[in-house]
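Here's the structure we're looking at; comments come further down.
So that the names make sense, note that chain A is the first sequence line, chain B the second, and so on, each numbered from 1. Quick caveat: nothing in here was measured; it's all calculated off a predicted structure.
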2 protein chains.
Amino acid sequence: MDQHRDYESELREAGVRLTKPRKIILKILGESQDHPDAMAIFRRAVKIDASISLATVYRTMKLLEGLGAVHRHSFEGGPARFEHADGEHHDHLIDLDTGRVIEFHSETLERLQEQIADELGYDIEHHRLELYGRKRRQR
Amino acid sequence: MDQHRDYESELREAGVRLTKPRKIILKILGESQDHPDAMAIFRRAVKIDASISLATVYRTMKLLEGLGAVHRHSFEGGPARFEHADGEHHDHLIDLDTGRVIEFHSETLERLQEQIADELGYDIEHHRLELYGRKRRQR
DNA sequence: AATGAAAATGCAAATCGTTTGCAACAAGTG
DNA sequence: CACTTGTTGCAAACGATTTGCATTTTCATT
């Protein structure tokens, strides 16, 4: 789909102001390939503008989440981590040794979930699938 | 498998003392068909013994989790919820309107997950699959 | 049944991640 | 450039959970 959404325009259209902290956070999210938590975003932001506060990071993440611009993930034992909502839907495999997050997608799996919910008489609003594992040593 | 594990014996074998609070909590867990959180367990426990403290509930849940006697689930937005580890593995469908938790199991789904992890070069330690949905109105 | 060492408890204070009230401030309109 | 309103930074509040510590319990031993 849209590989490079123009979040700044989207925000403006949504009627929210394009402030300095927001621009900086948006930039950071765009450049992040990992899944940073609020504190990590805050630390990166402070390097660009020392006056940014952690509260604003949290407020901005909530705003962006509401606008569908970022996804919030609450992996086991740890603060929420974020990723910008570019790209397509995927699930996550968390490396228990490094904390690294690997994204994957399986259409079969998606359909299977829907089928299961359907059999239980439910419509899925959203779902959460996380695999926690360790790199297989050797081949 | 084991439909009625004798947790009291297991605890003793594990070298932990069978105290009054622990017996009460174990009893509550055994009788709970829902997935109570620490506060709910605490409230039920207080009815049996008014001197129990919330801290002990938390400590006991951590202990039981470590012994594999209970599973801890951190569903979206809310405190951790627990269930005793009887029965077989299953995943959860959370009713967004009522908060009710419905358990389900799919061997196909389990195998699919393993296959995906395998392709990524990982061994799954455990996983978390939660479907969030609403009851389909009508047939 | 009485003894004692070790473990477990209750309480309150501390912690972590996150949210909020409020006065000062900045964005976008005209 | 001024005004209106949204947004910020700060610090205090928050909910869930954990912890330090003095006091109680458990349970193996007498």
Between A:S53 and B:A55, name the one whose nearest nucleotide on DNA chain D is closer to the 5' end.
A:S53

Judged by each residue's nearest nucleotide on DNA chain D, which is more toward the 5′ side, B:P21 or B:L54?
B:L54

Atom-pair distance ([atom1] on [X]; [atom2] on [N]), nearest Å:
{"X": "A:E65", "N": "C:dT18", "atom1": "CD", "atom2": "P", "value": "11 Å"}
{"X": "B:F42", "N": "D:dT17", "atom1": "CZ", "atom2": "C1'", "value": "14 Å"}
{"X": "B:I24", "N": "C:dT9", "atom1": "CD1", "atom2": "P", "value": "11 Å"}
{"X": "B:K23", "N": "C:dA8", "atom1": "NZ", "atom2": "C1'", "value": "14 Å"}
{"X": "B:M61", "N": "D:dA16", "atom1": "CE", "atom2": "P", "value": "16 Å"}
{"X": "B:K62", "N": "D:dT18", "atom1": "NZ", "atom2": "C1'", "value": "7 Å"}
{"X": "B:R43", "N": "D:dA16", "atom1": "CZ", "atom2": "P", "value": "10 Å"}
{"X": "A:L63", "N": "D:dG6", "atom1": "CG", "atom2": "C1'", "value": "11 Å"}

Check the phosphate of [N] against [X], side-chain N and O only, distance under 4.0 Å to OP1 or OP2. Yes or no?
{"X": "A:T19", "N": "D:dT8", "value": "yes"}
{"X": "A:Y58", "N": "C:dT19", "value": "no"}
{"X": "A:R22", "N": "D:dT8", "value": "yes"}
{"X": "B:S51", "N": "C:dG10", "value": "yes"}
{"X": "A:T56", "N": "D:dG9", "value": "yes"}

Step through it carefully: locate the ring centre of B:H92, locate the ring centre of B:H105, and say whether they are under 6.0 Å apart.
no

For residues [X] and [Y], is any side-chain donor paired with an opposing acceptor at under 3.5 Å?
{"X": "B:E103", "Y": "B:H89", "answer": "no"}
{"X": "A:E130", "Y": "A:H73", "answer": "no"}
{"X": "B:Q113", "Y": "B:H127", "answer": "yes"}
{"X": "B:S32", "Y": "B:R44", "answer": "yes"}

Reckon A:R59 touches a base, only the sugar-phosphate, or nothing at all at heavy-atom distances under 4.0 Å?
base

Sugar-phosphate only, base, or nothing, as touched by A:R12 at under 4.0 Å among non-hydrogen atoms
sugar-phosphate

Side chain of B:P79: nearest nucleotide among C:dG17, D:dT17, D:dT7?
D:dT17

